[in-house]
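This report refers to the structure that appears directly beneath it.
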Amino acid sequence: QHKALLEPHNTPFSGDNCEANAARQLWLFLTKQEKLREIFISNIFQTAPTGPLQPTTELRAGSNIKVVYKEPDIITSVGVNQANPVQMVVCTSREIVEINTAILMDPAFQSWTEEEATEERRGSRMKELERTAEDFLVVHGSAPLSDLSRSSLSDAHHGQSATGAILILRRGVTGVRQIESHPSLPYYLCGSEDGSVRMWEFGRNRAISTHRASQAGPCVSHLHFTAQGNKFGMADLGGNVSLYQFGYTSAASGPYQTLKCHNRAVYDFAFMSSSSFLATAGYSSDNRNVALFDFLVPPRKALIKSFYCHDGGASCLVYAPAHQLIISAGRRGEINIFDVRQRTLLRSIQAHGDSIKSLVMAQNEEFFISGSADGSVKVWDVSTPKMFSSFVDQHGRSSFFRGSGSGVQQLLLRPGRQLFSCGADGMVKWRTLADF
């Protein structure tokens with residue numbers, strides 16, 4: 001077995017490019033080390049288990065998963081440039097990172113471990129991406145590619161752990177809790193622990209505007225744009241929801257309305273039939289943790305309906321306009337479904353064994369997806385609701401070195417059933433969901 005292991009052709013790395021050659025050389029060096037011999041033999045030549053292979057939940061789901069980006073720190077939020085969907089932004093407690101995922105998502109792209117992936121092909125794709133990035137920036141009035149550092153675009157893939165994503169730039173902004181992308185323009189909002197809300201443009205080094213200054217309010221918990229993108233809302237851990245006019249100038253105004261929605265904290269909210277009618281998920285001392293508000297009427301009359309639910313607080317919610325449903329999730333793993341017309345609770349299900357951190361609704365409202373602190377992601381039928389698929393350990397709990405936080409932090413659903421998720425394991429993952 002050891003002699004077979006030392007054969008030069010017996011490596012898992014094929015291909016003739018320099019990266020595969022380097023991996024082969026490292027493999028051959030390690031297999032010759034006396035101290036490592038037993039480790040290689042026991043793992044490569046171990047006996048296969050007997051009996052039929054039992055399909056896992058992920059195999060039944062029929063979808064493959066890819067790591068888009070990896071960090072040593074917890075990734076708390078992720079966003080997509082709606083004007084150029086191959087560009088993404090991710091944030092940790094230490095920085096904001098913009099990446100280009102065009103190579104990863106190109107169906108024609110093959111891993112360098114495959115024979116067909118030549119260095120020339122990677123080089124041509126890299127040049128194409130540089131041209132695309134430069135054209136995009138010029139259209140939106142930014143400086144040419146020099147502002148992004150051309151070398152960082154062409155060389156950034158060497159700093160990635162084989163994820164395929166290209167680093168565009170890093171912003172040394174600490175304490176970001178939430179990212180929200182504009183629905184049609186290349187902008188995104190960042191809400192931070194210090195209470196600040198700033199707007200950035202993809203590819204530009206400086207913030208375009210500051211809608212709330214540092215220390216001007218409690219920690220930001222969530223941000224949402226309206227469907228038209230002309231307004232956005234901000235929730236904070238002081239129990240407030242503030243509404244803003246969208247602006248991308250340095251003289252951006254403050255909120256045009258702020259309402260105290262829960263007396264302890266607001267964790268999430270959703271715009272409903274208009275930019276003034278909102279559903280909120282939060283934590284109130286009287287356990288009214290999901291509520292409906294009309295921001296057009298005076299504050300003392302703004303509360304339309306509140307629901308006693310979710311012991312310990314409601315962590316997130318989504319709105320299904322075609323079904324006229326609100327789906328909320330709790331910190332103990334339960335999901336509630338409310339009828340907006342009747343303003344009643346239709347059903348409640350125990351979905352996860354730990355707090356649910358994120359919910360997303362499919363655009364056609366056929367299904368919704370939940371992500372939990374236990375690391376699992378589950379897909380549910382809106383009408384029933386029965387579980388279509390379950391992905392265990394999508395994002396593991398954080399290690400000692402990553403600090404606090406656990407499991408899934410955020411889910412993002414793109415057209416074509418493309419599901420992105422980020423979590424406490426420091427990864428952004430992408431899978432295409434199968435038909436149910």
Applying salt bridge (Lys or Arg N to Asp or Glu O under 4.0 Å), which residue pairs with at least one partner in residues 253-272 are found, sequence neighbours left out?
->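 Checked against salt bridge (Lys or Arg N to Asp or Glu O under 4.0 Å) - neighbours excluded - no pair reaches residues 253-272.
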Contact check, side chains of [X] and [Y], non-hydrogen atoms, under 4.5 Å:
X: Val176; Y: Ile96; value: yes
X: Val241; Y: Phe295; value: yes
X: Glu95; Y: Asp73; value: no
X: Ile304; Y: Phe293; value: no
X: Leu359; Y: Ile327; value: yes
X: Tyr188; Y: His182; value: no
X: Ile166; Y: Ile99; value: no
X: Ser306; Y: Arg343; value: no

Grab the two heavy atoms, one from [X] and one from [Y], that are nearest each other, plus how far apart they are.
X: Gly233; Y: Phe271; answer: N-CZ, 3.7 Å
X: Cys219; Y: Arg177; answer: SG-NH1, 3.1 Å
X: His310; Y: Ala329; answer: CE1-C, 3.6 Å
X: Pro218; Y: Arg212; answer: O-NH2, 2.7 Å
X: Val297; Y: Ala302; answer: CG2-CA, 3.4 Å
X: Asn336; Y: Cys309; answer: ND2-CB, 3.4 Å

What residues, two or more places apart in sequence or in another chain, satisfy ring pair (Phe, Tyr, Trp, His ring centres under 6.0 Å) together with His222?
->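 Result, ring pair (Phe, Tyr, Trp, His ring centres under 6.0 Å) vs His222: His224.
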Got a donor-acceptor contact below 3.5 angstrom from the [X] side chain to the [Y] backbone?
X: Gln324; Y: Gln342; result: no
X: Glu365; Y: Ala322; result: yes
X: Ser181; Y: Val80; result: yes
X: Ser355; Y: Ala373; result: no

Hey, are Arg170 and Glu98 close enough for a salt bridge, meaning a charged N less than 4.0 Å from a carboxylate O?
->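 Salt bridge: no.
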Using a strict 4.0 Å threshold on nitrogen-to-oxygen distance, state whether Arg341 and Asp339 make a salt bridge.
->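 Between Asp339 and Arg341 there is no salt bridge, as every charged N stays at least 4.0 Å from the carboxylate O atoms.
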Value rounded to 0.5 Å, distance of [atom1] in [X] from [atom2] in [Y]:
X: Ser315; Y: Tyr283; atom1: OG; atom2: OH; result: 13.0 Å
X: Leu419; Y: Ser421; atom1: CG; atom2: OG; result: 5.5 Å
X: Ile335; Y: Ser328; atom1: CD1; atom2: OG; result: 8.5 Å
X: Phe391; Y: Ser376; atom1: CZ; atom2: OG; result: 11.0 Å
X: Leu325; Y: Leu346; atom1: CG; atom2: CG; result: 6.5 Å
X: Trp380; Y: Met387; atom1: CH2; atom2: CE; result: 5.5 Å

Given the rule in the side chain to side chain contact (heavy atoms under 4.5 Å, CB included) test, do Phe225 and Lys231 qualify, once you have shown the distances and angles that lead to the verdict?
-> CA-CA 6 Å; Phe225 276 102; Lys231 297 177 182 178; over 6 Å; no
[X] and [Y]: aromatic ring centres closer than 6.0 Å?
X: His211; Y: Phe232; value: yes
X: Phe269; Y: Tyr267; value: no
X: Phe338; Y: Phe307; value: yes

With a 3.5 Å cut-off and no angle check, do the side chains of [X] and [Y] form a donor-acceptor pair?
X: Thr258; Y: Asn240; result: no
X: Gln410; Y: Ser77; result: yes
X: Ser196; Y: Ser214; result: no

How would you list, by chain and number, every residue that makes a salt bridge (charged side-chain N to carboxylate O under 4.0 Å, His left out) with Arg417, sequence neighbours excluded?
->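 If we apply the salt bridge (charged side-chain N to carboxylate O under 4.0 Å, His left out) test to Arg417, skipping adjacent residues, the hits are Glu366, Asp435.
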Show your working on side chain to side chain donor-acceptor pair (under 3.5 Å) between Gln394 and Arg431 and close with a plain yes or no.
-> CA-CA 11 Å; Gln394 177 87 354; Arg431 71 167 74 239; 2.7 Å; yes
Carefully, step by step, assess Gln409 and Thr76 under the rule side chain to side chain donor-acceptor pair (under 3.5 Å).
-> CA-CA 6 Å; Gln409 296 292 305; Thr76 56; over 6 Å; no
With a cut-off of 6.0 Å (strictly less than), are more than 12 heavy atoms of other residues, nucleotides or ligands near CD of Gln363?
->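 At most 12 heavy atoms, drawn from other residues, nucleotides or ligands, come within 6.0 Å of this atom.
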Please walk me through it: do Met88 and Phe420 pass side chain to side chain contact (heavy atoms under 4.5 Å, CB included)?
-> CA-CA 11 Å; Met88 298 185 69; Phe420 293 87; 3.7 Å; yes
